[in-house]
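Report on one structure; see the data block that follows.
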Amino acid sequence: MHDQAKALRQLVSNAKRKQSKMRVIAVTSGKGGVGKTNLTVNLAIALAEYGQRIIILDGDLGLANVDIAFGLTARYTIEHLLSGEKTIEEIILTGPQGIGIIPGGSGVQELANIDRDKLTNALTNLGRLEKMADILIIDTGAGLGHTVMNFLQAADDIILVTTPEPTAMIDAYGLLKTLRQEAGEVPIHVVINRVRSEGDAQATFKRLETAVLKFLDGSLDFMGWVYDDHLVGRSVMLQEPLGISFPESSAYRCIQWIAGTVTGINLSPPRQAGGVRGFLSKLLRAF
Ligand SMILES: Nc1ncnc2c1ncn2[C@@H]1O[C@H](COP(=O)(O)OP(=O)(O)O)[C@@H](O)[C@H]1O
Ligand SMILES: [Mg+2]
């Protein structure tokens with residue numbers, strides 16, 4: 001394990017000891033562009049609907065865009081926190097449902113590779129998060145960089161996002177392989193995004209699981225899937241999360257279902273053609 005990961009873990013566990021138990025969930029992927037930010041933002045909304053207090057840490061270095069997804073503009077980032085210029089309360093943005101957003105910016109790399117002299121300041125500031133949230137969701141960058149790996153090692157749970165596309169699957173497998181070696185104790189939950197049907201989702205997970213069982217040790221947890229839904233693109237254009245713009249969309253209903261799993265509520269998976277149309281077609285099929 002990297003030294004920096006130890007520091008980060010200390011940071012997280014210190015924060016935990018101070019109060020009850022803020023859960024830290026890292027959302028990650030092997031390949032970029034598979035839907036991490038969309039899942040993070042809408043999972044936050046769905047969890048907030050379940051009464052959870054949520055803070056998102058925008059940890060994607062290259063494409064920090066959680067604030068944009070919420071239609072917000074970051075004035076200050078983690079960088080200002082680490083330099084001591086601003087406090088956590090001053091950099092945090094507030095989105096719908098009281099969701100807190102911590103813009104990462106270039107300070108993210110620093111945070112994940114924090115050095116001793118800055119650790120204390122970061123600890124006191126980030127420790128205060130514990131009073132503000134039940135769950136901290138980290139939208140990590142894609143891939144196998146040290147920064148991403150340090151976040152993943154420090155998390156309580158990892159959500160690995162992939163699409164059924166072969167390139168995304170290969171990169172997901174690559175990341176799983178590294179995670180087994182470097183973050184062996186952290187539970188990994190797989191979400192298959194942009195599926196055409198439940199069958200598509202099951203088959204895709206099976207492919208990944210087969211490779212894991214064959215070439216790596218241990219099992220894989222299937223957390224759920226999200227349908228490919230053109231309303232996701234619409235919400236991106238609107239700069240408003242799907243759960244706000246299109247709460248009835250099939251993609252958001254999947255994310256609500258996943259949020260249920262996160263909170264321990266057991267819901268059945270949503271069907272793709274839901275609503276009146278789905279009801280009517282089911283009814284017609286029954287006759
Ligand atoms: N379930 C989905 N259905 C349709 N389009 C999606 C879905 N999830 C993500 N997308 C599209 O894929 C693009 C990348 O998603 P994003 O969440 O930014 O990925 P990442 O954060 O992994 O780079 C977005 O422009 C979004 O419109
Ligand atoms: Mg992203």
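Whatever order the structure lists them in is the order used to number ligands and atoms, beginning at 1. What's counted below: heavy atoms across the whole structure, side chains too, no hydrogens, waters or symmetry copies. All residue numbers refer to positions in the sequence shown, counting from 1.
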Identity and distance of the protein heavy atom lying nearest [atom]:
atom: atom 9 (C) of ligand 1; answer: Asn193 ND2, 3.7 Å
atom: atom 18 (O) of ligand 1; answer: Thr37 CB, 4.1 Å
atom: atom 11 (C) of ligand 1; answer: Arg194 NH1, 3.6 Å
atom: atom 26 (C) of ligand 1; answer: Val232 CG1, 3.9 Å
atom: atom 24 (C) of ligand 1; answer: Val236 CG2, 4.4 Å
atom: atom 23 (O) of ligand 1; answer: Gly33 N, 2.9 Å
atom: atom 19 (O) of ligand 1; answer: Gly35 N, 3.0 Å
atom: atom 3 (N) of ligand 1; answer: Asp229 N, 2.9 Å

Could you tell me whether Val161 approaches ligand 1 through its side chain, its backbone, both or neither, with non-hydrogen atoms closer than 4.0 Å?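 Under 4.0 Å from ligand 1, Val161 contributes no heavy atoms.
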Residue from Asn38, Thr37, Thr28 passing side chain to side chain donor-acceptor pair (under 3.5 Å) with Asp139: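 Testing each of Asn38, Thr37, Thr28 against Asp139, the sole residue satisfying side chain to side chain donor-acceptor pair (under 3.5 Å) is Thr37.
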Is there side-chain contact between [X] and [Y], with at least one heavy-atom pair below 4.5 Å?
X: Val66; Y: Val41; result: yes
X: Val262; Y: Ile135; result: yes
X: Val27; Y: Thr140; result: no
X: Ile91; Y: Arg75; result: no
X: Asp221; Y: His189; result: yes

Of all the atoms in ligand 1, which lie at a distance below 4.0 Å from a heavy atom belonging to [X]?
X: Lys36; value: 17 (O), 19 (O), 20 (P), 21 (O), 22 (O), 23 (O)
X: Gly233; value: 27 (O)
X: Val226; value: 1 (N)
X: Asp228; value: 3 (N), 4 (C)
X: Asn38; value: 8 (N), 17 (O)
X: Tyr227; value: 1 (N), 2 (C), 3 (N)

Taking 2.8 Å as the cut-off, does an N/O/S atom of Asn38 lie below it from the Mg ion (ligand 2)?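 Under 2.8 Å: Asn38 has no N, O or S contact with the Mg ion (ligand 2).
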Which atoms form the tightest heavy-atom contact between Ser245 and Leu238, and what is the distance?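 Of all heavy-atom pairs spanning Ser245 and Leu238, the closest is OG-CD1, 4.0 Å.
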Identify whether the distance between the nearest side-chain nitrogen and carboxylate oxygen of Lys31 and Asp171 falls below 4.0 Å.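 No, Lys31 and Asp171 are not salt-bridged.
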So is Ser29 polar-close to ligand 1, meaning N/O to N/O under 3.5 Å?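 For ligand 1, there is no N or O atom that lies under 3.5 Å from one belonging to Ser29.
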Given Asp156 and Arg23, is the salt bridge (Lys or Arg N to Asp or Glu O under 4.0 Å) satisfied, shown in steps? CA-CA 6 Å; Asp156 293 308; Arg23 264 173 88 184; 5.8 Å; no
Would you find a donor on one side and an acceptor on the other, under 3.5 Å apart, between the side chain of Asp58 and the backbone of Asn65?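 Here the side-chain-to-backbone pair exists.
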Inspect the surroundings of CD in Glu248 and state if more than 12 heavy atoms from other residues, nucleotides or ligands are less than 6.0 Å away.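 No, not enclosed.
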